[in-house]
Amino acid sequence: MHIEPGVVEGAKLFLSYATAVAGLGLTAKLARDAVRENGGAAALALRSLLTTALVFGFFEVLPHHPVGVSEVHLILGSTLLLMFGAGAAAIGLAAGLLIQGLFFAPFDLPQYGMNVTTLLVPLWGIHELARRIIPARTAYVDTSYKQALALSTAYQGGIVAWVAFWAFYGHGFSAENLASVGSFGLAYMSVVLVEPLIDLGVLAAAKSLTRYSQGPLFNVRLHQPA
């Protein structure tokens with residue numbers, strides 16, 4: 001979902017700075033909640049280091065292809081949420097994206113505000129959705145395919161919606177821009193076919209390896225009902 005340079009330029013970039021501040025504010029709230037309810041500050045720090053490394057790997061190592069106004073990535077936002085909690089997932093997404101921009105893709109730094117907003121706001125959305133569709137008595141390792149699909153669809157749909165917003169904000173509703181956004185959206189939503197299966201595979205591994213998937217590196221809710 002790295003938005004291509006030139007999609008939003010000049011003074012219009014200031015809106016991306018404002019939305020990034022809001023997204024980072026949500027991250028601070030999720031981090032505070034994690035400290036209070038999900039293992040404390042030390043656990044959050046460990047998980048955040050792990051999620052940052054994973055996100056950086058997702059962006060740099062996993063296949064990604066430019067399509068239309070952005071790139072199609074396998075971000076695994078719902079996997080990060082379920083395994084490590086919303087606070088660590090949000091920190092990892094923001095920090096992993098920043099590290100990639102600083103050291104490997106400096107041409108992406110002007111788009112950082114747009115890209116981080118596009119990642120963080122949908123993550124907050126599926127955090128709220130998970131609280132509604134996964135009963136409190138259910139540990140995350142027992143998440144169903146239907147629940148995983150709902151989370152993945154919501155996350156990828158949120159990313160597509162934000163990319164479309166930035167594209168239309170930057171270049172309007174010309175036929176060319178509409179086609180570019182449409183091609184990106186169709187390509188990106190194909191991730192929905194893959195991500196729920198990855199979620200369930202990772203959760204099944206965590207369940208079978210309970211001895212190794214408990215402790216401060218993992219979301220407390222992974223094995224324990226709320």
Peer 1: Flag the pair Tyr17 / Leu13 as yes when at least one side-chain heavy-atom distance between them is below 4.5 Å, and no otherwise.
Peer 2: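 When only atoms from C-beta onward are counted, Leu13 and Tyr17 do touch, with a gap below 4.5 Å.
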Peer 1: Return each pair, listed once, that meets salt bridge (Lys or Arg N to Asp or Glu O under 4.0 Å) where at least one residue sits in residues 11-20; pairs must be two or more places apart or across chains.
Peer 2: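 Qualifying pairs: none.
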Peer 1: Do Asn219 and Leu82 touch side chain to side chain, with heavy atoms closer than 4.5 Å?
Peer 2: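 Counting from C-beta outward, Asn219 and Leu82 never come under 4.5 Å.
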Peer 1: Please walk me through it: do Leu97 and Val55 pass side chain to side chain contact (heavy atoms under 4.5 Å, CB included)?
Peer 2: CA-CA 7 Å; Leu97 180 67; Val55 169; 5.5 Å; no
Peer 1: For residues Ala150 and Ile133, report the shortest heavy-atom separation together with the two atoms involved.
Peer 2: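 It is CB-CD1, 3.8 Å.
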Peer 1: Under 4.5 Å between any side-chain heavy atoms of Val8 and Ile3, yes or no?
Peer 2: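 No - every pair of side-chain heavy atoms lies 4.5 Å or more apart.
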Peer 1: Quick one: salt bridge (Lys or Arg N to Asp or Glu O under 4.0 Å) pairs with a partner in residues 15-32, sequence neighbours left out?
Peer 2: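 Only Lys29-Asp33 qualify under salt bridge (Lys or Arg N to Asp or Glu O under 4.0 Å).
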Peer 1: For atom CD of Glu128, is the number of surrounding heavy atoms from other residues, nucleotides or ligands below 6.0 Å larger than 12?
Peer 2: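 For Glu128, atom CD is crowded (more than 12 foreign heavy atoms under 6.0 Å).
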Peer 1: Which salt bridge (Lys or Arg N to Asp or Glu O under 4.0 Å) pairs, counting each pair once, include a residue from residues 200-226, with sequence neighbours left out?
Peer 2: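 Sorted pair list: Asp142-Lys207.
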Peer 1: My understanding is that a hydrophobic cluster links ILVMFWY residues whose side chain heavy atoms are under 4.5 Å apart, including indirect links. Using that, what else belongs to the cluster containing Tyr212?
Peer 2: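 When side chains under 4.5 Å apart are linked, the cluster holding Tyr212 also contains Leu209.
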Peer 1: Taking Ser208 for its side chain and Ala204 for its backbone only, find out whether a donor-acceptor pair lies under 3.5 Å.
Peer 2: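 Yes, the answer is positive, given that a donor and an acceptor are paired below the 3.5 Å cut-off.
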Peer 1: With sequence neighbours left out, write down each residue that passes salt bridge (charged side-chain N to carboxylate O under 4.0 Å, His left out) with Arg137, or none if nothing qualifies.
Peer 2: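 Checked Arg137 against salt bridge (charged side-chain N to carboxylate O under 4.0 Å, His left out); zero matches.
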Peer 1: Of all residues at least two apart in sequence or in a different chain, which pass the ring pair (Phe, Tyr, Trp, His ring centres under 6.0 Å) check with Phe107?
Peer 2: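 Partners of Phe107 under the ring pair (Phe, Tyr, Trp, His ring centres under 6.0 Å) test: none.
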Peer 1: May I ask you to decide if the ring planes of Phe165 and Trp162 are parallel, tilted or perpendicular, using 30° and 60° as cut-offs?
Peer 2: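 Aromatic pair Phe165/Trp162 classed perpendicular.
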Peer 1: Return the orientation label for the His73 and His2 ring planes: parallel under 30°, perpendicular over 60°, tilted otherwise.
Peer 2: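 Correct class here is tilted.
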Peer 1: Run the side chain to side chain contact (heavy atoms under 4.5 Å, CB included) test on Tyr155 and Ile75 for me, step by step, so that the C-alpha distance in whole Å, both residues' side-chain angles and the decisive distance to 0.1 Å come before the verdict.
Peer 2: CA-CA 10 Å; Tyr155 188 66; Ile75 301 172; 4.2 Å; yes
